[in-house]
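The structure appears right after this line, and notes come after that.
Note that the coordinates shown come from a computational prediction; the quantities given were computed from them, not determined experimentally. The chains referred to below are lettered A, B, ... by the order of the sequence lines, with proteins before strands, and numbering in each begins at 1. Note: hydrogens, waters and symmetry copies are ignored here, and every other heavy atom, side chains too, is used.
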2 protein chains.
Amino acid sequence: MLKLSKKADYGLMALQHIASNQYGDVAQARVVNTKEIAEEYHIPVELLAKVLQTLSKSGIIESHNGPKGGYLLGKNPREITIAHVLESLEGPLGIMDCSHEKDGDACMQREHCNIRTPLLKIQSSIYQLLNNMTLQDMMGGTPLITIQSVTTEQQGVER
Amino acid sequence: MLKLSKKADYGLMALQHIASNQYGDVAQARVVNTKEIAEEYHIPVELLAKVLQTLSKSGIIESHNGPKGGYLLGKNPREITIAHVLESLEGPLGIMDCSHEKDGDACMQREHCNIRTPLLKIQSSIYQLLNNMTLQDMMGGTPLITIQSVTTEQQGVER
DNA sequence: TTTTATACGACTGATTTGATCGGAGATCAT
DNA sequence: ATGATCTCCGATCAAATCAGTCGTATAAAA
């Protein structure tokens with residue numbers, strides 16, 4: 001329950017990868033393409049492509065066509081919030097249907113609804129949480145890639 | 001996105017209704033049945049029944065069979081957390097697939113996954129949020145039922 | 001024993017989601 | 001400049017999940 005979709009998963013993975021290659025320790029902005037990311041994380045290529053297209057439309061990343069093309073971050077990692085990414089991929093996030101409805105499309109039980117107010121508070125809290133966390137924060141805690149470990153043991157593991 | 005299911009909606013509504021009738025200003029514990037709740041909130045009866053059965057199994061409410069039967073709260077409203085209700089109705093809540101997996105069913109991209117750690121933090125925060133809010137808290141903020149208003153103006157609007 | 005209510009399981013239709021295919025546009029090499 | 005290649009892009013298809021339905025069984029009160 002409350003599980004986010006594959007699209008969201010793949011999107012976040014890809015963004016983390018792009019950000020790492022662009023702002024990482026290599027210190028040179030590198031354009032990465034869809035195929036590269038898909039193979040790295042074992043994601044179906046076409047599906048990932050669609051995800052990246054959506055993110056591109058939202059201005060989160062920039063697409064570059066042609067050979068040697070690919071994607072680049074559209075903003076600074078600090079300015080890319082998780083909330084924006086998720087909303088871009090899966091539409092406006094709301095705990096319930098009547099989160100931000102207009103007067104017309106009120107749900108049937110709206111006038112007798114007794115849980116709307118407290119749920120709105122919960123929703124607001126979750127949104128704040130997702131809106132305060134940025135891609136920059138996600139880069140900090142990469143669990144398996146530790147730069148120090150590369151210097152200590154150099155057994156062909158440079159990624 | 002992140003929208004909770006109808007089952008969860010209906011379950012919360014029903015619980016709020018049951019709690020209000022049991023601990024409300026009427027000051028007498030009243031057993032409410034499925035049909036009554038369904039009509040009050042315009043919910044399909046059979047679906048609500050299923051939801052209430054599930055909640056009953058979890059010990060959140062108690063079922064009483066036969067005529068004059070119905071449902072009663074199984075615990076004090078302060079001890080019924082939103083998290084418990086949601087988990088009861090929709091299974092364990094987790095932002096991602098690999099939230100609490102055993103060693104066996106690791107996902108394909110697990111070893112290269114770069115977003116697991118930060119997402120776990122988000123998930124933990126959401127769980128705390130839902131685990132700290134109880135049914136008691138939801139009763140406090142009932143928007144349409146105001147006890148004071150009944151005393152001030154008694155124009156047949158007692159709901 | 002009849003009435004009234006919940007408990008339980010199987011089933012159907014619809015919505016959402018995951019995944020796939022063919023084409024359009026841009027860039028580099030010649 | 002032009003062709004060939006590589007990428008992004010939009011439309012389409014299949015699978016899984018979910019909301020809702022139906023019929024039957026069981027239990028308690030009158």
Side-chain angles (χ1 to χ4, degrees), chain A residues 1-11 13-14 18 30-39 41-72 74 86 88-94 96-97 107-109, chain B residues 1-14 18 30-39 41-72 74 86 88-91 93-94 96-97 107-109:
Chain A
M1 126 126 264
L2 278 183
K3 199 179 55 179
L4 32 76
S5 67
K6 295 283 183 191
K7 275 196 269 188
D9 283 349
Y10 297 160
M13 285 188 201
I18 295 174
R30 202 170 72 81
V31 183
V32 294
N33 60 21
T34 306
K35 190 180 168 192
E36 172 186 335
I37 302 177
E39 287 177 350
Y41 300 100
H42 302 91
I43 299 173
V45 197
E46 298 85 359
L47 182 55
L48 178 62
K50 203 169 153 192
V51 169
L52 293 178
Q53 288 161 24
T54 307
L55 290 177
S56 174
K57 267 196 213 165
S58 303
I60 296 175
I61 56 178
E62 286 176 357
S63 71
H64 291 269
N65 241 339
K68 283 195 59 182
Y71 291 97
L72 239 59
L86 295 183
S88 167
L89 291 175
E90 305 198 38
L93 55 84
M96 48 203 159
D97 301 319
C107 69
M108 196 51 65
Q109 43 267 114
Chain B
M1 125 127 264
L2 278 184
K3 199 178 53 179
L4 33 76
S5 67
K6 296 285 184 192
K7 276 195 268 188
D9 283 348
Y10 297 160
L12 289 175
M13 285 189 200
I18 295 174
R30 203 170 72 80
V31 183
V32 294
N33 60 22
T34 308
K35 190 180 168 194
E36 173 187 333
I37 302 177
E39 288 177 352
Y41 300 99
H42 302 93
I43 300 174
V45 195
E46 298 85 359
L47 183 54
L48 178 61
K50 214 166 151 187
V51 169
L52 292 178
Q53 288 163 24
T54 307
L55 290 177
S56 174
K57 267 196 212 163
S58 303
I60 296 175
I61 56 178
E62 286 176 357
S63 72
H64 291 269
N65 242 340
K68 283 197 58 185
Y71 291 97
L72 239 59
L86 295 184
S88 166
L89 290 175
E90 307 198 37
L93 53 85
M96 50 203 156
D97 301 320
C107 70
M108 196 51 65
Q109 45 265 113

Note to self: From C-beta outward on A:Y10, which listed nucleotide comes closest to its side chain: C:dT6, C:dA19, D:dC8?
What the structure shows: C:dA19

Next item on the list: Describe the nucleic acid contact of A:K3 in one word from base, sugar-phosphate, nothing, applying a heavy-atom distance below 4.0 Å.
Entry: nothing

Notebook entry, point to check: Separation of B:D9 atom CG from D:dG20 atom P, in whole Å?
Noted result: 10 Å

Next item on the list: May I have the distance from B:N33 (atom CG) to D:dA29 (atom P), rounded to whole angstrom?
Entry: 15 Å

Check: Can you tell me how far C1' of C:dT27 sits from NZ of A:K68, to the nearest Å?
Finding: 11 Å

Item checked: B:S56 side chain to B:E62 side chain, donor-acceptor N/O pair below 3.5 angstrom -> no

Notebook entry, point to check: Within less than 4.0 Å of OP1 or OP2 of C:dA5, is there a side-chain N or O belonging to B:Y71?
Noted result: no

Margin query: Nearest 0.5 angstrom please: A:E90 CD to A:L4 CG, how far?
Written below: 6.5 Å

Notebook entry, point to check: Hey, which of these two, A:K50 or A:P67, hits DNA chain C nearer its 5' end, going by closest nucleotide?
Noted result: A:K50

Notebook entry, point to check: Which nucleotide in the set D:dC8, D:dA19, D:dA27 lies at the smallest distance from any side-chain heavy atom of A:Q53?
Noted result: D:dC8

Next item on the list: Rounded off to whole Å, could you give me the NZ-to-C1' distance for the A:K7 and D:dA16 pair?
Entry: 15 Å

Checklist line | Integer-rounded Å distance: D:dC9 C1' and A:H64 NE2 | finding: 16 Å

Check: Should A:E36 and A:R30 count as an ion pair when the cut-off is N to O under 4.0 Å?
Finding: yes

Next item on the list: Could you check how far CG of A:L55 sits from C1' of D:dC9, rounded to whole Å?
Entry: 14 Å

Next item on the list: Measure from the side chain of B:N65, starting at C-beta and using heavy atoms only, and say which of C:dG18, D:dA28, D:dC8 lies closest.
Entry: D:dA28

Checklist line | Spacing of A:E36 atom CD relative to D:dT7 atom C1', expressed in whole Å | finding: 14 Å

Margin query: One pair to check against side chain to side chain contact (heavy atoms under 4.5 Å, CB included): B:L72 and B:I61. What are the steps and the verdict?
Written below: CA-CA 6 Å; B:L72 239 59; B:I61 56 178; over 6 Å; no

Notebook entry, point to check: To the nearest Å, how far apart are B:E62 CD and D:dA28 C1'?
Noted result: 16 Å

Next item on the list: Take A:Y71 and A:T34, measure what side chain to side chain contact (heavy atoms under 4.5 Å, CB included) needs, and give me the verdict at the end.
Entry: CA-CA 8 Å; A:Y71 291 97; A:T34 306; 3.5 Å; yes

Next item on the list: Tell me which nucleotide among D:dC9, D:dA19, C:dG18 gets nearest to the side chain of B:S5.
Entry: D:dA19

Item checked: B:E46 side chain, from C-beta outward: closest of D:dA30, D:dC8, D:dC22 -> D:dC22

Checklist line | Shortest side-chain distance from A:S63, nucleotide among D:dG10, C:dT20, D:dC9 | finding: D:dC9

